[in-house]
Amino acid sequence: MPSAGLLSARKGQLYALLALLALYAAQLAGALLPNLPLFVIASAGGLALDLVVQQRKPSLLAVLGRARFDVTARQLVRDLLLVVGVARLAEPTTAGEATVVAGLLLAYAAHFACQLVAVLVRRDRALPVLTRNVDASQLGLSPAPPRILARQPGRRLLSFMVPATAGLLVTVVTRDMVWGVAGVAVAIAAFVAGTGWLARWLLRGRRAPDERTTLDWLDAWLAAYRPTHAMYFSGGSSSAYQANMWLGTLAAVEGRPLIVLRERFMMQRIAATDVPIVCLPKVAHLMALEHSPLKIMIHPANSGKTSQVLRIPSIKHTFVNHGESDKLSSCNPYAKAYDEVWVAGPAARERYQLADIGVDDRDVVEVGRPQLAPIRPLAGPPSGPFLNVLYAPTWEGWTDDPGNTSIMLAGENLVRALLADPTVRLVYKPHPMTGSVDPRAGEADARIRALIDAANAARAAEPGRERPGPQAAADLARRTAELNELADAVFRPDADDVERMLVQTLPEPGRAEAVGRAQEACEAAYWASVPGWEHQIVDAPLPGLYSCFNTTDLLISDVSSVVSDYLASEKPYAVANTSGLNEEAFRAAFPTVRAATILTPDAAGVPALLAAVRDPALDTLAGARTELKRHLLGPDEPPSLARFDAAVQALCARADARRARQPAAGEESLREDALREETRLRLGEAVPGEAEESEDSVTA
């Protein structure tokens with residue numbers, strides 16, 4: 001059974017499709033009967049609805065495209081029916097009818113000519129390299145052409161044909177062919193003018209640099225910047241959080257940091273940072289890093305494209321993961337491909353050795369979790385009128401293990417038990433990839449959201465439930481706008497990748513600190529803008545996970561890295577056991593739950609758990625949490641960032657020593673391998689990445 005959100009989207013698609021078909025039928029009926037009002041309303045309504053679909057229902061456009069009923073076919077049918085209507089209702093002369101038909105054919109020819117120029121412009125502006133926080137002024141980049149001309153052929157066709165449709169409908173009403181001919185002429189003029197305007201981007205002053213020029217510039221920039229350590233990341237759009245959690249740490253380490261991406265769409269999904277970002281989609285161009293001063297690469301995630309960069313022998317590689325838990329994914333056999341594996345504390349080292357997957361213990365380095373610094377420690381029992389509880393289930397994962405996530409087997413029971421307590425305020429933060437593998441997880445998520453919405457409606461109806469005034473919402477909007485402005489996240493609507501590269505140049509000094517302050521202010525404004533009694537569903541980038549940690553008194557989660565991170569606060573936490581194991585076996589199998597309250601799928605233990613959080617005398621696990629924190633995250637001294645920095649410098653030294661020992665041999669062989677890999681990618685043999693933005697699916 002599809003989730004509620006998916007059902008709603010499908011209903012919207014169905015209604016829009018039925019409306020389109022009904023308007024086509026009405027237009028045909030109006031032309032054949034003939035019925036003037038029906039014909040005019042259906043003709044104008046069909047075009048208007050198609051324009052709305054272009055704007056608001058892009059998923060329906062994909063469905064229609066697969067059915068070979070794309071925007072060109074739809075508009076062509078609409079125009080053919082217009083011609084039939086004109087012939088039946090306006091009774092034109094043969095010459096007048098021929099003029100209209102010839103004009104429409106010419107308009108379509110002009111549309112296809114504009115599309116040809118648009119393809120050439122897009123290809124010209126598809127640079128082999130994209131950058132952010134880098135001065136690319138030497139490349140002579142130009143702002144993007146209007147989006148409706150370059151990247152929205154569907155909207156362009158419909159919009160430019162409005163004068164033709166309007167003119168022909170006036171002709172039907174007045175029986176004067178002048179209006180139809182004039183409307184078609186205006187449409188032709190719009191296509192011709194648009195084509196001419198767009199062709200300006202193919203002239204010398206506006207053309208993007210060619211591949212060789214761009215790659216030479218990149219080599220020169222790398223030689224001048226001399227990066228020492230880089231974070232390499234590849235993944236889908238929903239996985240950007242895995243890289244974003246390491247941005248602050250990467251920037252704080254001594255040296256010159258760099259971020260290397262492989263997917264173009266990921267450029268704007270990386271959060272605000274002053275670290276230079278380079279996107280190299282093709283394998284052959286990735287090899288430019290081989291000749292750069294770059295010494296080490298830090299990998300927060302494994303992906304199909306990771307193996308491509310591991311082949312560069314001049315760079316040392318380390319795996320840091322985007323979080324540590326007791327799941328098998330935290331000790332993946334792929335880890336043995338790296339030179340080193342950096343973990344938080346002794347628990348992860350033990351995990352790798354117990355897993356016996358080929359990772360040498362000498363290659364495991366304990367560095368702590370530097371990004372946990374913003375998490376505030378436990379400051380006593382809850383003091384406010386509400387006990388704030390964070391329920392943060394993980395996602396279902398790639399396996400069928402029922403213990404991966406609690407959301408399907410226990411989520412609704414847990415939420416019902418929490419909502420049943422009138423002194424509990426629930427903060428529900430599902431994993432961003434929930435439902436991406438198993439639809440049942442998405443369905444459970446939808447039901448949990450419905451429960452929370454119903455509880456909020458009931459609580460709002462109670463006397464004395466006030467909401468913050470409009471000033472709080474205005475303050476949040478203002479601070480969000482300030483944050484976006486500081487983070488260079490505001491662009492012209494027409495901007496493309498090249499224009500964003502031009503705009504996102506070298507950041508102003510001190511911008512990173514200003515962004516950090518703005519983000520803290522934005523998160524504070526968020527919590528101030530919502531009532532303290534209202535349950536919250538947090539599924540947006542702000543507020544972040546650690547802000548949720550600091551705002552709540554208790555965590556309920558699964559066996560996941562969220563538990564390890566929350567332990568930095570030493571606040572009480574609980575883990576839902578949906579593995580099928582008894583409690584003793586569950587604690588033995590997953591060390592991260594040793595200091596947790598274990599909850600069964602029926603959520604029977606929730607009342608006792610809430611009582612223990614309210615009364616420290618009932619909290620028998622406080623000492624265990626302190627001990628487990630050291631075991632999972634390592635000692636407090638030296639600070640985690642200092643240990644991480646020391647690991648970076650040590651691995652850089654290993655890279656320097658290796659380069660000193662190795663002659664510059666085998667480079668030609670490596671380039672040949674890269675070219676072969678590029679050929680395989682073009683033939684579709686490699687692991688597919690996320691699709692590029694399609695010209696027929698671009699919306700505002």
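The structure presented is a predicted model; accordingly, all values stated were derived computationally and were not measured.
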Should the pair [X] and [Y] be assigned to parallel (<30°), tilted (30 to 60°) or perpendicular (>60°) ring geometry?
{"X": "Tyr108", "Y": "His111", "answer": "perpendicular"}
{"X": "Tyr391", "Y": "Tyr428", "answer": "parallel"}
{"X": "Tyr241", "Y": "His431", "answer": "perpendicular"}

For the pair [X] (side chain) and [Y] (backbone), establish whether a donor and an acceptor sit closer than 3.5 Å, ignoring hydrogens and angles.
{"X": "Arg88", "Y": "Leu32", "answer": "yes"}
{"X": "Arg155", "Y": "Leu51", "answer": "no"}
{"X": "Asn456", "Y": "His535", "answer": "yes"}

Judged by modelled atom types alone, do Gln27 and Ser43 share a side-chain donor-acceptor pair under 3.5 Å?
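There is such a pair (donor and acceptor under 3.5 Å, judged by atom type) between the side chains of Gln27 and Ser43.
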Report yes or no: do Gln268 and Gln504 form a side-chain donor-acceptor pair below 3.5 Å?
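On atom types as modelled, these side chains qualify, holding a pair under 3.5 Å.
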Which heavy atom of Phe160 sits nearest a heavy atom of Leu149, and at what distance?
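Heavy-atom minimum between the residues: CZ-CD2, 4.0 Å.
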Any ion pair linking [Y] and [X] (charged N to carboxylate O, less than 4.0 Å)?
{"X": "Arg147", "Y": "Asp496", "value": "no"}
{"X": "Arg78", "Y": "Asp50", "value": "yes"}
{"X": "Arg449", "Y": "Asp445", "value": "yes"}
{"X": "Glu396", "Y": "Arg440", "value": "no"}
{"X": "Asp497", "Y": "Arg125", "value": "no"}

Walk me through it: do Asp453 and Ile537 pass the test side-chain contact (heavy atoms from CB on, under 4.5 Å)?
CA-CA 9 Å; Asp453 290 340; Ile537 300 173; 4.0 Å; yes
How far apart are the C-alpha atoms of Phe233 and Val260, what are their side-chain angles, what is the distance that settles it, and do they pass the side-chain contact (heavy atoms from CB on, under 4.5 Å) test?
CA-CA 6 Å; Phe233 189 72; Val260 179; over 6 Å; no
Scan Gln308, Glu263, Arg262 and name whichever one has a side chain to side chain donor-acceptor pair (under 3.5 Å) with Ser234.
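For Ser234, the side chain to side chain donor-acceptor pair (under 3.5 Å) test succeeds with only one of Gln308, Glu263, Arg262, which is Glu263.
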side-chain contact (heavy atoms from CB on, under 4.5 Å) for Leu104 and Leu80? Distances and angles first, verdict last.
CA-CA 10 Å; Leu104 287 173; Leu80 287 173; over 6 Å; no
Going through the checks in order, is the ring pair (Phe, Tyr, Trp, His ring centres under 6.0 Å) test met by His299 and Tyr334?
CA-CA 12 Å; His299 299 258; Tyr334 199 99; 8.9 Å; no
